[in-house]
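First comes the structure, then the notes that go with it.
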Amino acid sequence: MSFRERVYQITANIPKGTVATYGQIAKLAGSPKAARAVGMFMKTNPFAPRVPCHRVVASDGSLTGFSAPGGVMKKKKMLLGEGVRFVGAKVDISSFWNPS
DNA sequence: AAACTGACTTCTC
DNA sequence: GGAGAAGCCAGTT
């Protein structure tokens, strides 16, 4: 399985109401520094509806990119509909961050 | 095969 | 705390 395959798999495996950072996905895919490449995969995602690329956010929780009509705002609304907490214009990644 | 690009991340000013 | 620059990875041309 190629790196991108894993990325798509992981992205599609993100639970509803949850978001993951590019770095996290890249790490799970096997390359913690490949966050950039991950973003590219999302951009060229051949599994459009299957891969919830809108659940993938930057390490800051910011919704970067998203060429879809409406822009990041639309994605924000969509995530809100899934139960994702937002802090201002960013995702509250702190809620997903598991503080031990 | 080499160079450029990009939905990133992290450090420093 | 916000803005700018450098580094890494995989893909595309």
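This one's a predicted model, so the numbers in the text were calculated from it and none came from an experiment.
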Can you sort out which residues in residues 81-91 of chain A have a heavy atom within less than 4.0 Å of DNA chain B? Ascending by number, please.
none
Heavy atom of residues 27-37 of chain A under 4.0 Å from DNA chain C: which residues?
S31(A), K33(A), A34(A), R36(A), A37(A)
Taking only residues two or more places apart in sequence or in another chain, which ones pass salt bridge (charged side-chain N to carboxylate O under 4.0 Å, His left out) with D60(A)?
K90(A)
Cut-off 3.5 Å, no hydrogens considered: what does the side-chain donor-acceptor table look like for residues 2-15 of chain A, sequence neighbours left out?
unit_1 : atom_1 : unit_2 : atom_2 : d
R6(A)  : NE     : A29(A) : O      : 3.0
Y8(A)  : OH     : F41(A) : O      : 3.0
T11(A) : OG1    : V7(A)  : O      : 2.7

If every non-hydrogen atom of P32(A) is compared with every non-hydrogen atom of G30(A), which pair is closest and at what distance?
CD-O, 3.7 Å
When you group the ILVMFWY residues by side-chain heavy-atom contacts below 4.5 Å and let the links chain together, are L28(A) and V19(A) in the same group?
no
Taking the side chain as C-beta and beyond, is there a heavy-atom pair between Y22(A) and T64(A) under 4.5 Å?
yes
Pair I93(A), V57(A) - check side chain to side chain contact (heavy atoms under 4.5 Å, CB included), show working.
CA-CA 9 Å; I93(A) 50 179; V57(A) 300; 4.3 Å; yes
With sequence neighbours excluded, tell me which residues meet side-chain contact (heavy atoms from CB on, under 4.5 Å) with R85(A).
D92(A), S95(A)
Please list, in 5' to 3' order, the outermost nucleotides of DNA chain B lying under 4.0 Å from any heavy atom of chain A.
dG6(B) to dT10(B)
Throw together a table of side-chain donor-acceptor distances under 3.5 angstrom for residues 70-82 of chain A, partners on residues two or more places apart or in other chains.
unit_1 : atom_1 : unit_2 : atom_2 : d
K76(A) : NZ     : G88(A) : O      : 3.2
E82(A) : OE1    : R55(A) : NE     : 2.9
E82(A) : OE1    : R55(A) : NH2    : 3.4
E82(A) : OE2    : H54(A) : NE2    : 3.4
E82(A) : OE2    : R55(A) : NH2    : 3.2

Numerically ordered, the residues 38-51 of chain A set in heavy-atom contact under 4.0 Å with DNA chain B is G39(A), M42(A), K43(A)
V56(A) and F66(A) have their tightest heavy-atom pair at O-CZ, 4.2 Å
Which is true for Y22(A) with a 4.0 Å heavy-atom rule: it touches a base, it touches only sugar-phosphate, or it touches nothing?
base
So which atom in F96(A) and which in V84(A) form the shortest heavy-atom distance, rounded to 0.1 Å?
CZ-CG1, 3.9 Å
Would you list the pairs meeting salt bridge (Lys or Arg N to Asp or Glu O under 4.0 Å) in which at least one residue belongs to residues 23-51 of chain A, sequence neighbours left out?
none
Residues A26(A) and A35(A): closest non-hydrogen pair is CB-N, 3.5 Å
Distance from C53(A) atom SG to I25(A) atom CD1, nearest 0.5 Å?
10.0 Å
What parts of residues 5-14 of chain A reach DNA chain C, counting only heavy atoms under 4.0 Å away?
none
DNA chain C: first to last nucleotide in contact with chain A (atom under 4.0 angstrom from a heavy atom), 5' to 3', is dG7(C) to dG11(C)
Please tell me whether L63(A) and M42(A) are part of a single hydrophobic cluster in this structure, the criterion being side-chain heavy atoms less than 4.5 Å apart.
no
